Enquirer: 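Mind having a look at this structure? Questions to follow.
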Amino acid sequence: QVQLVESGGGLVQAGGSLRLSCAASGRTSSTYVMGWFRQAPGKEREFVAAISWTGGSTYNEDSVKGRFTISRDNANKMVYLQMNSLKLEDTAVYYCAAGIALSNESPGYFYWGQGTQVTVSS
């Protein structure tokens, strides 16, 4: 099995920043695509960003609008999501996931973390 554990969530004021981390362990592959998704209360799970093992990335520009940056550290089996200029609508549980190809759809991801809560206040 592969285990993914998110950290770094919390309470932040609008306009502030947070950096989410996801640590992978178990039988991981350096070729895994890593993605971030989020789910707000009463809404469907939404794609945020993904990054390939070589560093190529893609974003949900409709929701992120250049404010978030995804990165990874293969040597340490870590993936990060730097979130700047946070808005109230960014409030959600954020999940990291591992898959086989760059995708903005959840079926492409095999392993999921437990999620970390991000709450943006006014």
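Just so we're clear, the structure is a prediction, and the values are computed from it rather than from any experiment.
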Enquirer: Decide yes or no for Leu86 and Phe68: does some side-chain heavy atom of the first lie under 4.5 Å from some side-chain heavy atom of the second?
Expert: yes
Enquirer: Using side-chain heavy atoms (C-beta onward) and a distance below 4.5 Å, is Thr58 in contact with Phe47?
Expert: yes
Enquirer: Roughly how far apart are Met34 CE and Met78 CE, rounded to 0.5 Å?
Expert: 10.0 Å
Enquirer: Where do Gly115 and Val93 come nearest, in terms of heavy atoms and distance?
Expert: CA-CG1, 3.8 Å
Enquirer: Look only at the side chain of Asn74 and the backbone of Trp53, and say whether a donor-acceptor pair between them is shorter than 3.5 Å.
Expert: yes
Enquirer: Please find the pair of heavy atoms, one from Glu46 and one from Ser63, that lie closest to each other, and give the distance.
Expert: OE2-CB, 3.6 Å
Enquirer: Supply the atom-to-atom distance Ser71 OG to Gln82 CD, rounded to the nearest 0.5 angstrom.
Expert: 8.5 Å
Enquirer: Working to the nearest 0.5 angstrom, can you tell me the gap between Asp73 CG and Tyr80 OH?
Expert: 5.0 Å
Enquirer: Can you tell me if Gln13 has over 12 outside heavy atoms packed within less than 6.0 Å of its CD?
Expert: no
Enquirer: Find the distance between OH (Tyr94) and CG (Leu18) and round it off to the nearest 0.5 Å.
Expert: 9.0 Å
Enquirer: Quick check against the 3.5 Å criterion: does Thr91 have a side-chain atom that pairs as donor or acceptor with the backbone of Val120?
Expert: yes
Enquirer: Please confirm whether the backbone N or O of Gly8 pairs with a side-chain atom of Arg19, one donor and one acceptor, at under 3.5 Å?
Expert: no
Enquirer: With a 4.5 Å limit on heavy-atom distance, are the side chains of Tyr32 and Val2 in contact?
Expert: yes
Enquirer: Do Ile100 and Ile51 belong together in a cluster built from hydrophobic side chains that touch within less than 4.5 Å?
Expert: yes
Enquirer: With distance as the sole test, does Tyr59 use its side chain to make a donor-acceptor pair with the main-chain N or O of Ile70 at under 3.5 Å?
Expert: yes
Enquirer: I'd like to check Ser121 versus Leu11 (side-chain heavy atoms, cut-off strictly below 4.5 Å). Are they in contact?
Expert: yes
Enquirer: Between Glu6 and Gln114, is there a donor-acceptor pair closer than 3.5 Å when you use the side chain of the first and the backbone of the second?
Expert: yes
Enquirer: Can you hop from Leu81 to Val12 via hydrophobic side chains spaced under 4.5 Å?
Expert: yes
